[in-house]
Amino acid sequence: MQFVVMFEDNASHADQRAKHMAAHLAFLEKNLGRVKIAGPLIDPATGAGAGGMWLVEADSAAEARKLVEDDPFWPTGLRKSVKILQWKQVYKDGKRLA
């Protein structure tokens with residue numbers, strides 16, 4: 001199953017991002033089989049960071065949540081909220097999927 005994980009950042013812990021970025025990126029690389037895509041969300045009006053998004057391959061939402069909680073960013077307080085939604089892809093490379 002695939003899950004979209006949406007993160008909202010906690011502005012009061014923004015200083016934690018730079019301190020833990022190397023460990024966060026190493027975590028993503030270690031889990032490249034499960035975290036298919038990842039990146040920051042940016043407010044187009046201000047250019048400010050607004051959180052992040054992952055596309056995760058997992059057997060359950062609970063497994064996706066465990067992955068989130070294993071990320072070195074998790075214990076820092078940087079994440080204000082996390083939303084995990086199951087995703088079903090129906091369109092790819094200009095074609096509708098069966």
Side-chain angles (χ1 to χ4, degrees):
M1 287 186 266
Q2 293 183 315
F3 295 89
V4 173
V5 180
M6 305 283 293
F7 301 100
E8 179 185 10
D9 284 349
N10 184 345
S12 67
H13 288 79
D15 61 323
Q16 297 299 310
R17 181 176 301 283
K19 290 196 307 194
H20 298 281
M21 183 58 77
H24 169 69
L25 294 174
F27 171 82
L28 292 175
E29 289 171 3
K30 177 183 166 194
N31 288 284
L32 61 90
R34 296 186 294 165
V35 180
K36 300 299 184 179
I37 60 171
L41 297 171
I42 299 165
D43 183 330
T46 65
M53 189 197 84
W54 295 356
L55 180 62
V56 172
E57 187 78 31
D59 291 332
S60 66
E63 185 180 309
R65 177 75 183 199
K66 172 85 169 81
L67 193 63
V68 166
E69 292 176 358
D70 288 345
D71 179 2
F73 274 174
W74 183 254
T76 69
L78 179 63
R79 305 297 195 196
K80 181 177 179 180
S81 67
V82 177
K83 187 172 189 174
I84 299 172
L85 301 169
Q86 189 173 346
W87 182 63
K88 180 181 176 186
Q89 186 173 11
V90 297
Y91 194 80
K92 180 178 179 179
D93 298 327
K95 297 178 185 166
R96 186 169 184 214
L97 303 174

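FYI, the numbering just counts along the sequence from 1. When reading the values below, keep in mind they use all heavy atoms of this one structure, side chains included, and skip hydrogens, waters and symmetry mates.
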For the student: nearest non-hydrogen atoms of A64 and A58, plus distance: N-CB, 4.0 Å
V82 with F27, same ILVMFWY side-chain cluster at under 4.5 Å: yes
Considering all heavy atoms, the nearest V4-W87 contact: CG2-CB, 3.8 Å
Inter-residue atom distance H13.NE2 - H20.NE2, 0.5 Å rounding: 10.0 Å
NZ-CG distance between K30 and L25, expressed to the nearest 0.5 angstrom: 14.5 Å
Proximity of F7 and W54 rings by center, below 6.0 Å: yes
Cluster overlap M21 with L28, hydrophobic side-chain contacts below 4.5 Å: yes
Ring centre gap for F73 and H24 strictly below 6.0 Å: yes
Close side-chain approach of L41 to M6, heavy-atom, < 4.5 Å: yes
Close side-chain approach of L67 and N31, heavy atoms under 4.5 Å: yes
CE on M1 to CD on E57, rounded to 0.5 Å: 9.0 Å
T76 versus Q16, side-chain donor and acceptor atoms under 3.5 Å: no
Interatomic spacing from NZ in K66 to CG in D71 - rounded to 0.5 Å: 11.5 Å
Over all atoms of both residues, closest heavy-atom pair of S12 and D15: O-OD1, 4.2 Å
Derivation of the side chain to side chain contact (heavy atoms under 4.5 Å, CB included) call for L85 and F3: CA-CA 5 Å; L85 301 169; F3 295 89; over 6 Å; no
V56 vs Q2 side-chain heavy atoms within contact, under 4.5 Å: no
Interatomic distance, D9 atom CG to L78 atom CG [nearest 0.5 angstrom]: 4.5 Å
Whether K36 side chain and G33 backbone form a donor-acceptor pair below 3.5 Å: yes
Smallest separation among heavy atoms of I37 and M53, with atom names: CD1-CE, 3.8 Å
Pi-cation contact, Y91 with R96 (under 6.0 Å, within 45°): no
